[in-house]
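Start at 1 and go down the list; that is how both ligands and their atoms are numbered. Keep in mind that this is a model prediction, so the values were computed, not measured.
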Amino acid sequence: METVTRFAPSPTGRLHLGHAYSALFAEAAARDAGGRFLLRIEDIDRGRCRSGFEDGILEDLAWLGLRWETPVRRQSDHMADYRQALDRLQAAGLLYPCFCTRKDLRAEAEGSVRAPHGPDGPLYPGICRGLPDAVAAARIAAGDAFALRLDMAQAAARVGPLTFTDRARGTIAVDPESCGDVVLARKDVATSYHLAVTWDDALQGVTLVTRGEDLLHATHVHRVLQALLGLPEPAYHHHPLLTDDAGRRFAKRDRAETIQAMRDSGTSTDDVRARAGYPAA
Ligand code: GLU
């Protein structure tokens with residue numbers, strides 16, 4: 001089977017060295033296998049994304065010597081696709097509206113001695129899971145803000161035991177409850193990272209998902225979604241995160257470490273590639 005990889009940045013800032021590493025990693029994985037490398041712009045959260053960043057990202061990647069297939073898929077152009085996937089999960093009775101605010105959730109976590117924790121903090125404690133349909137419908141009609149959450153226990157029961165294969169780690173048993181009832185859409189953004197990424201990787205025929213190991217936990221959710229939606233299972237390679245000389249992860253807020261800043265200060269493409277551990281273009 002042909003290897004198809006992708007780099008999928010969110011245009012919420014300029015790329016830093018950690019992104020450069022991740023993009024070069026994905027491209028090398030495709031090239032080493034004689035496969036194809038795709039680029040996808042993950043801009044579903046319009047409130048946080050800027051088109052200027054998208055242009056800047058494309059410019060930085062080209063400057064790094066990367067070449068990708070066109071057209072580039074931009075998620076905000078395909079909201080109707082994600083809506084359909086969401087509708088299927090809703091029709092299967094696997095979603096419920098959740099009206100909890102961040103403040104509600106903080107208070108709940110503080111008040112409970114042993115709140116189970118997931119990778120992103122306390123797991124959703126299920127406050128709205130049992131809300132009667134009529135109550136939920138009335139609140140939605142009244143214009144209350146809500147998120148749609150996946151009922152993970154039901155979803156897990158529906159799909160049965162699952163695994164995924166990570167090239168660095170081998171076969172991993174999916175632990176659906178590790179992320180709890182994840183949010184799959186909000187009133188204002190009708191999809192989520194989990195849903196859109198899973199849908200697009202399948203739609204674009206991605207056979208090897210490469211990304212940082214900070215997203216390893218998300219793959220548990222993505223395998224459940226693949227099984228629920230009848231999508232193929234790609235292979236995975238969660239790579240270590242590149243760190244600076246002090247061992248810290250690069251972050252979008254570190255302006256000095258953006259590819260743009262390095263370009264502006266006269267650093268060459270090959271120097272940046274070398275800092276990311278890749279040979280000259
Ligand atoms: N868009 C995500 C990010 O920028 C990456 C998604 C992925 O590679 O699965 O963190």
Quiz prompt | Salt bridge flag under 4.0 Å for residues Asp144 and Arg139 | solution = yes
Practice problem: Within a distance under 4.0 Å of any heavy atom of Glu42, pick out the atoms of ligand 1 and give their elements. | Solution: 1 (N), 2 (C), 5 (C), 6 (C)
Quiz item: How close does the nearest protein non-hydrogen atom get to atom 10 (O) of ligand 1, and which residue and atom is it?
Solution: Leu215 CD1, 4.3 Å
Quiz item: Has ligand 1 got any nitrogen or oxygen that is less than 3.5 angstrom from a nitrogen or oxygen of Thr210?
Solution: no
Quiz item: Which hydrophobic side chains are connected to Val197, either touching it within the sub-4.5 Å cutoff or through other members that do?
Solution: Tyr193, Leu215
Self-check item: Phe7 and ligand 1 - part of the residue with a heavy-atom distance under 4.0 Å
Solution: neither
Quiz item: For ligand 1, which atoms have a heavy atom of Val197 less than 4.0 angstrom away?
Solution: 9 (O)
Quiz item: For ligand 1, is there an N or O atom under 3.5 Å from any N or O atom of Ala8?
Solution: yes
Quiz item: Side chain or backbone of Arg6 under 4.0 Å from ligand 1, or both, or neither, by non-hydrogen atoms?
Solution: side chain
Exercise. Determine which pairs satisfy ring pair (Phe, Tyr, Trp, His ring centres under 6.0 Å) with at least one residue from residues 106-137, sequence neighbours left out, and list them in order.
Key: none
Quiz prompt | Heavy-atom donor-acceptor pair, Ser10 side chain to Glu42 backbone, under 3.5 Å | solution = yes
Self-check item: Asp87 and Arg83 ion-paired at < 4.0 Å
Solution: yes
Exercise. Just do the ring pair (Phe, Tyr, Trp, His ring centres under 6.0 Å) check on Tyr236 and His222 with the steps written out, would you?
Key: CA-CA 11 Å; Tyr236 291 88; His222 301 175; 7.6 Å; no
